[in-house]
There are 2 protein chains.
Amino acid sequence: MHPVGGGRRVTITDVARHAGVSTSAVSKVLRNAYGVSDAMRERVRESMDALDYRPHAAARGMRGRTYTIGVLLDNLRNAFFADILDGVTERLRGTDYQMLLGAAGFGAEDQRRLARAMVDRQMDGLILIGPGFDRHEVVGAAATVPTVVIGHHDTSDAHDSVVDADAEGAALVVGHLVGLGHRRIALTSAHGNEGSGWTGTPERVQRRGYLEAMTGHGLAPYARVATTAYSEEGGYRAGMELLAATPRPTAVFAGADVAAMGVFRAARELGLRIPEDVSLAGYNNTAVAAMSPVQLTSVDQAGGLMGATAARLLLERIEGRGRAVTVSVSPSLVVRRTTGPAPR
Amino acid sequence: MHPVGGGRRVTITDVARHAGVSTSAVSKVLRNAYGVSDAMRERVRESMDALDYRPHAAARGMRGRTYTIGVLLDNLRNAFFADILDGVTERLRGTDYQMLLGAAGFGAEDQRRLARAMVDRQMDGLILIGPGFDRHEVVGAAATVPTVVIGHHDTSDAHDSVVDADAEGAALVVGHLVGLGHRRIALTSAHGNEGSGWTGTPERVQRRGYLEAMTGHGLAPYARVATTAYSEEGGYRAGMELLAATPRPTAVFAGADVAAMGVFRAARELGLRIPEDVSLAGYNNTAVAAMSPVQLTSVDQAGGLMGATAARLLLERIEGRGRAVTVSVSPSLVVRRTTGPAPR
DNA sequence: CCTTGGTTGGAGAACGTTCTACGACGAGGA
DNA sequence: TCCTCGTCGTAGAACGTTCTCCAACCAAGG
């Protein structure tokens with residue numbers, strides 16, 4: 001057994017010496033490039049195993065690829081992201097690529113710094129989940145390194161896009177609630193990073209979808225939107241605002257599951273039972289929504305599929321596809337126990 | 001304005017040419033090393049700004065540091081990790097270091113590969129959260145790059161450790177339940193990765209703490225442990241096993257909040273009310289526990305503090321501290337609505 | 001025997017940094 | 001005037017890869 005670590009790294013030169021060939025030859029085997037005989041390949045492979053050689057990714061990055069995919073997201077508490085990441089991981093399994101995550105928080109400046117850090121680290125591709133920093137920066141980065149943007153409906157020929165049909169998702173919820181006899185259906189939404197150049201953020205598209213659906217059902221006068229943040233606290237504030245109003249809405253559609261949790265709290269504080277007094281629906285169908293004490297009606301966005309698609313598009317791009325592509329994923333409604341017939 | 005991206009990277013050579021000095025000089029300014037006059041520093045700084053220069057991290061990695069900290073964890077759904085990561089991020093803010101995350105899943109082999117990938121990418125330091133792969137591998141990696149292990153109570157002079165006083169945490173829960181009149185208190189636990197060389201995994205220490213506490217209260221005969229996995233499904237199976245037994249325990253202590261969610265489901269299925277028929281406590285005090293429809297009594301481990309501590313230790317190590325250090329963090333009990341007096 | 005062309009292997013120049021040497025300069029002491 | 005000693009700046013060799021040439025060899029065709 002060789003020592004388990006500590007010593008000097010085994011380099012391509014060591015392998016070459018051990019196998020009695022040139023470093024170029026080893027490099028060729030490594031990249032399985034043209035111009036290597038079977039015998040030679042075999043010999044080199046054996047030396048690699050014997051020495052437990054692993055290529056130095058940083059050094060690789062100086063010339064070729066780093067075999068690293070960077071994923072940028074704002075925060076980890078949104079369980080929906082975990083679904084996306086599972087999809088990415090799954091698609092990347094078996095390839096030589098490694099996924100590394102950066103959690104930047106919500107600040108545009110921090111996100112920008114992280115994206116740059118990823119570019120500086122010579123990553124081969126970037127997946128940006130609902131980026132909140134300036135659109136020009138994103139397009140700029142995308143000009144340097146293959147990039148897929150998840151979430152925003154703004155497309156560009158600089159990067160690929162994977163989006164959820166959020167307007168459709170909103171319509172699904174409104175339709176479900178209308179079917180249960182609700183008319184006063186309110187929405188909690190969030191303001192994205194204003195002035196960052198994105199006009200098709202998911203929350204904006206969702207809001208539009210909600211308003212259109214309400215109008216479509218002839219309920220435009222009953223539409224109400226409270227705009228806070230997608231967080232427990234944000235949901236609470238929105239819930240208080242909406243549920244304290246007169247006449248009170250009989251149903252609240254929370255733009256994100258985590259916000260729905262805040263609405264839950266608001267309802268409890270106001271002495272309202274769910275779903276007897278107020279129906280509540282979320283969005284994202286995160287793991288929380290399914291939990292036994294929660295049982296939240298929500299919209300599933302097939303996060304895994306989105307992630308896998310993003311990874312696929314990225315690999316295609318890295319392999320050389322030129323044209324930008326946009327893939328849209330259809331959401332579906334998952335009915336649980338927080339929505340029920342409208343109170344008379 | 002310079003073009004936003006796309007073109008050739010600006011390198012240290014460009015800056016040197018622009019400022020009319022040597023690349024060595026620029027490098028010195030960059031690292032603020034000794035031997036630079038104020039005038040020169042100023043001039044170089046200006047050129048850097050003018051050209052929007054950013055050092056190429058991959059190239060840096062070939063000689064010096066990459067200013068990258070790698071964090072390895074098994075999966076993102078455990079919200080406890082988010083707390084830890086917030087702590088790490090907070091401590092790293094303002095430094096030149098960037099944190100990158102790797103989510104490896106639970107497989108020992110995948111985790112090992114990820115850890116190696118991080119070492120290959122020449123990261124300056126590693127934070128391993130409850131690593132499930134072989135202890136020798138971890139020690140080996142730690143010999144190459146500064147490493148902090150979070151969670152496992154097995155210490156080593158190769159790496160620093162940050163642990164939660166899990167035995168104490170278990171005692172807190174048992175004490176609380178005993179105070180409410182419970183005697184038949186069961187535990188749901190998890191088997192770590194067997195045969196990986198870790199003898200002090202959190203779940204094992206917690207289990208020991210539970211058994212000792214039960215014994216201390218003279219309740220050793222009532223101790224019951226169901227060992228599954230820390231997941232919703234695992235909790236459900238453990239819950240079914242424990243709650244279907246006769247005599248039925250009056251309280252279940254779930255080793256992790258996520259498992260408690262499964263116990264919730266099991267209880268509901270068996271027609272048992274919480275906390276009237278069965279009290280339920282979790283561990284980790286994740287965001288879910290606090291949510292309005294959940295209100296789970298849990299043990300808070302000060303994840304943020306653990307993360308910040310880990311980051312601090314790591315930076316110290318990178319700066320040259322030789323001796324390994326272990327820091328233990330004390331848990332505290334957060335009582336909510338899922339625990340109540342034992343049924344008569 | 002000379003060409004041609006395909007196959008196999010290697011030399012060596014990048015890539016963008018860091019960092020060790022070393023040289024030039026000016027001031028101060030003998 | 002000559003030495004010594006800081007201070008400031010530069011040359012240039014790493015670091016571990018990739019990849020473009022180029023050379024050697026062999027077989028087949030003329």
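Sequence lines set the chain letters: A, B, ... in the order given, protein chains first and strands last, and positions in each chain run from 1.
- Between the CZ atom of B:R54 and the P atom of C:dG16 there is a distance of 14 Å, rounded to whole Å.
- The distance between atom CD of B:E42 and atom P of D:dG9, rounded to the nearest whole Å, is 13 Å.
- Atom CZ of B:R65 and atom C1' of C:dG16 are 18 Å apart (whole Å).
- Inspection of the A:T68 and B:R121 side chains reveals an N or O donor paired with an N or O acceptor under 3.5 Å.
- Between the C1' atom of D:dT18 and the CD atom of A:Q122 lies a distance of 12 Å, rounded to the nearest Å.
- Here C:dG9 is the nucleotide among C:dT17, C:dG9, D:dT17 with the atom lying nearest to any side-chain atom of A:K28.
- D:dC15 atom P lies 19 Å from atom CZ of A:R60, rounded to whole Å.
- In this structure, B:D134 does not pair ionically with B:R112, as no charged nitrogen and carboxylate oxygen lie closer than 4.0 Å.
- For the OP1/OP2 pair of D:dC19 and a distance below 4.0 Å, the side-chain nitrogens and oxygens of A:R31 include at least one atom meeting the criterion.
- Look at B:T11 and you won't find any side-chain N or O under 4.0 angstrom from OP1 or OP2 of C:dG16.
- Between the side chain of A:R63 and the base of D:dT17, no donor-acceptor pair under 3.5 Å is found.
- Between B:R121 atom CZ and D:dT17 atom C1' the separation is 14 Å, expressed in whole Å.
- The existence of a salt bridge linking A:E42 and A:R45 is excluded, since no basic side-chain nitrogen approaches an acidic carboxylate oxygen closer than 4.0 Å.
- Between A:R43 atom CZ and C:dG10 atom C1' there is a gap of 13 Å when expressed in whole angstrom units.
- Counting any heavy atom pair closer than 4.0 Å across all strands shown, B:Y34 reaches sugar-phosphate atoms only and no base atom.
- With respect to B:R65 and B:D96, no salt bridge is recorded, no charged nitrogen being found less than 4.0 Å from a carboxylate O.
- Taking side-chain N and O atoms only, A:Y53 has a distance below 4.0 Å to OP1 or OP2 of D:dT17.
- In this structure, CD1 of A:I12 is placed 18 Å from P of D:dA14, rounded to the nearest angstrom.
- Of the candidates D:dG16, C:dT8, C:dT17, the closest approach to any side-chain atom of B:M62 belongs to D:dG16.
- A donor and an acceptor atom, one from each side chain of B:R31 and B:S27, are located under 3.5 Å apart.
- As judged by a 4.0 angstrom heavy-atom cut-off over every strand, B:S27 is placed among the base-contacting residues.
- Residue side chain B:S24 reaches the base of D:dG12 through a donor-acceptor N/O pair under 3.5 Å, judged by distance alone.
- Nearest nucleotide to the A:S37 side chain, out of D:dT18, C:dT17, C:dG9: C:dG9.
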